[in-house]
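Step one of this worksheet: look at the structure below.
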Amino acid sequence: MSTLTTAVLAALPLLGGWVAHVRWLRRCLNTARRDPLTGLVTRDGFTRRATALLKDPRAVVVLADVDKFKLINDVHGHAAGDVLLKATADRLAHHVGRTGVAGRLGGDEFAAVVIDPHGTAGDMLTLLHGVLGRPIDGHDPAIHTTVSLGWVRAADFPADDLSGLLRRADEAMYAAKQARSGTRRAGLGRLFATVAGRRSGRTGARSGGPVGVAV
């Protein structure tokens, strides 16, 4: 047996161990980018994927917030709240599909970016709003609530980055929540039913300005 062959054979166990270690690191990194409760990507993972999707002018940014989530926790317990969050995440991810991205930003707030090739985002989100409000199979029918959705077409605000579009979607979502309208699109006029754009205490709260119009 040649010296080279002997050296290669001796190195194989080390190589196998290195490959296994790399795979383990990748699994750890992937886990770190996933919300442990819902399985959706966390804010960092969402930001990376969403930013890439926004290069497509057909992109639509969506912000979703569970209505009366604190009440669910107070009445039915935090375990029931977790069930509701998991169901919301699963349903959102199903509607977003593989071509978009859905993430949990924190608490009961979710975000998504989808590509809308046919201009039917409004209809899709109206359908999604109905799905998100359904009772959860196998659980107490009382453990359900509605989810308010705000959305914005990236093409309407070409100068905005992801942060700016999320702010506009958030303002539209808050207006939908206040008006109990389910969904609302940020357009080119002014949103009705908003007091300070973003909800009190949230980053980026301000005292008005052109942000959107319901459609």
Side-chain angles (χ1 to χ4, degrees), residues 35 38-41 43 45-67 84-105 108-137 144-194 197-198 210-215:
D35 174 56
T38 65
L40 296 182
V41 291
R43 186 181 291 270
F46 173 79
T47 298
R48 280 190 291 271
R49 175 64 175 147
T51 299
L53 288 171
L54 287 177
K55 295 176 182 178
D56 190 323
R58 302 169 300 172
V60 170
V61 177
V62 183
L63 200 77
D65 193 87
V66 179
D67 298 325
L84 181 60
L85 291 176
K86 182 66 168 63
T88 299
D90 289 346
R91 292 166 175 176
L92 178 62
H94 175 76
H95 273 70
V96 168
R98 293 181 178 274
T99 59
V101 62
R104 184 185 180 194
L105 300 186
D108 59 337
E109 185 175 73
F110 301 86
V113 175
V114 297
I115 303 302
D116 180 27
H118 306 298
T120 57
D123 293 335
M124 186 273 283
L125 292 172
T126 297
L127 175 62
L128 175 61
H129 176 260
V131 170
L132 293 176
R134 293 175 183 170
I136 304 165
D137 292 342
H144 77 98
T145 184
T146 54
V147 176
S148 295
L149 302 170
W151 62 284
V152 57
R153 291 191 183 280
D156 288 345
F157 301 95
D160 279 11
D161 59 7
L162 176 62
S163 178
L165 293 170
L166 281 172
R167 175 182 59 78
R168 294 181 187 278
D170 181 72
E171 291 169 336
M173 181 279 298
Y174 181 61
K177 189 181 290 286
Q178 292 294 94
R180 299 181 181 180
S181 59
T183 67
R184 187 161 292 198
R185 174 185 176 183
L188 303 178
R190 291 177 178 270
L191 280 175
F192 304 104
T194 56
R198 290 175 68 82
V211 292
V213 61
V215 295

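The figures here come from the full heavy-atom set of this structure, side chains too, leaving out hydrogens, waters and symmetry mates.
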Q. Salt bridge (charged side-chain N to carboxylate O under 4.0 Å, His left out): which pairs involve residues 110-126, sequence neighbours left out?
A. Asp116-Arg153
Q: Determine the minimum heavy-atom distance between Ala172 and Ala186, stating which atoms define it.
A: CB-N, 3.9 Å
Q | Rounded distance [0.5 Å steps], OG1 in Thr99 versus CG in Leu53 | A | 8.0 Å
Q. Is there a donor-acceptor contact under 3.5 Å from the side chain of Arg91 to the main chain of Arg134?
A. yes
**Q.** Spacing of CE belonging to Met173 relative to OG1 belonging to Thr183, to within rounding of 0.5 Å
**A.** 12.5 Å
**Q.** Pair Arg104-Leu85, side chain to side chain contact (heavy atoms under 4.5 Å, CB included): steps then yes or no
**A.** CA-CA 10 Å; Arg104 184 185 180 194; Leu85 291 176; 3.5 Å; yes
Q: Begin with the C-alpha distance, continue with both residues' side-chain angles, and end with the deciding distance and a verdict on side chain to side chain contact (heavy atoms under 4.5 Å, CB included) for Leu105 and Phe46.
A: CA-CA 8 Å; Leu105 300 186; Phe46 173 79; 4.2 Å; yes
Q: Could you give me the CA-CA distance, side-chain angles and deciding distance for Thr145 and Asp67, then say whether side-chain hydrogen bond (donor to acceptor under 3.5 Å, both in side chains) is met?
A: CA-CA 6 Å; Thr145 184; Asp67 298 325; 5.3 Å; no
Q | Contact summary for Val96 and Ala102, nearest pair of heavy atoms | A | CG2-CB, 4.1 Å
(Q) Pair Val61, Trp151 - check side chain to side chain contact (heavy atoms under 4.5 Å, CB included), show working. (A) CA-CA 6 Å; Val61 177; Trp151 62 284; over 6 Å; no
Q.
To the nearest 0.5 Å, what is the distance between CG on Asp160 and CG on Leu165?
A. 5.0 Å
Q: With Lys177 as reference, evaluate Asp108, Asp170, Asp65 under the salt bridge (Lys or Arg N to Asp or Glu O under 4.0 Å) test and give the passing residue.
A: Asp65
**Q.** Leu125 and His129: CA distance, side-chain angles, deciding distance, side chain to side chain contact (heavy atoms under 4.5 Å, CB included) verdict
**A.** CA-CA 6 Å; Leu125 292 172; His129 176 260; over 6 Å; no
**Q.** Interatomic distance, Leu54 atom CG to Ile115 atom CD1 [nearest 0.5 angstrom]
**A.** 7.5 Å
Q) Are any of the side-chain heavy atoms of Leu128 and Leu149 separated by less than 4.5 Å? A) yes
(Q) Between Asp156 and Arg185 (salt bridge meaning N to carboxylate O under 4.0 Å), is one present in this structure? (A) yes
Q. Going from OG1 on Thr38 to CG on Leu92, what distance comes out if it is rounded to the nearest 0.5 angstrom?
A. 9.5 Å
(Q) Would you say that Val41 contacts Val101 through its side chain, given a criterion of any heavy-atom pair below 4.5 Å between the two side chains? (A) yes
Q. Taking C-beta and beyond as the side chain, do Thr47 and Leu162 meet within less than 4.5 Å on heavy atoms?
A. yes
Q | Contact summary for Arg98 and Arg49, nearest pair of heavy atoms | A | O-NH2, 4.0 Å
Q | Separation between CG of Leu63 and CD of Glu171, rounded to the nearest 0.5 Å | A | 11.0 Å
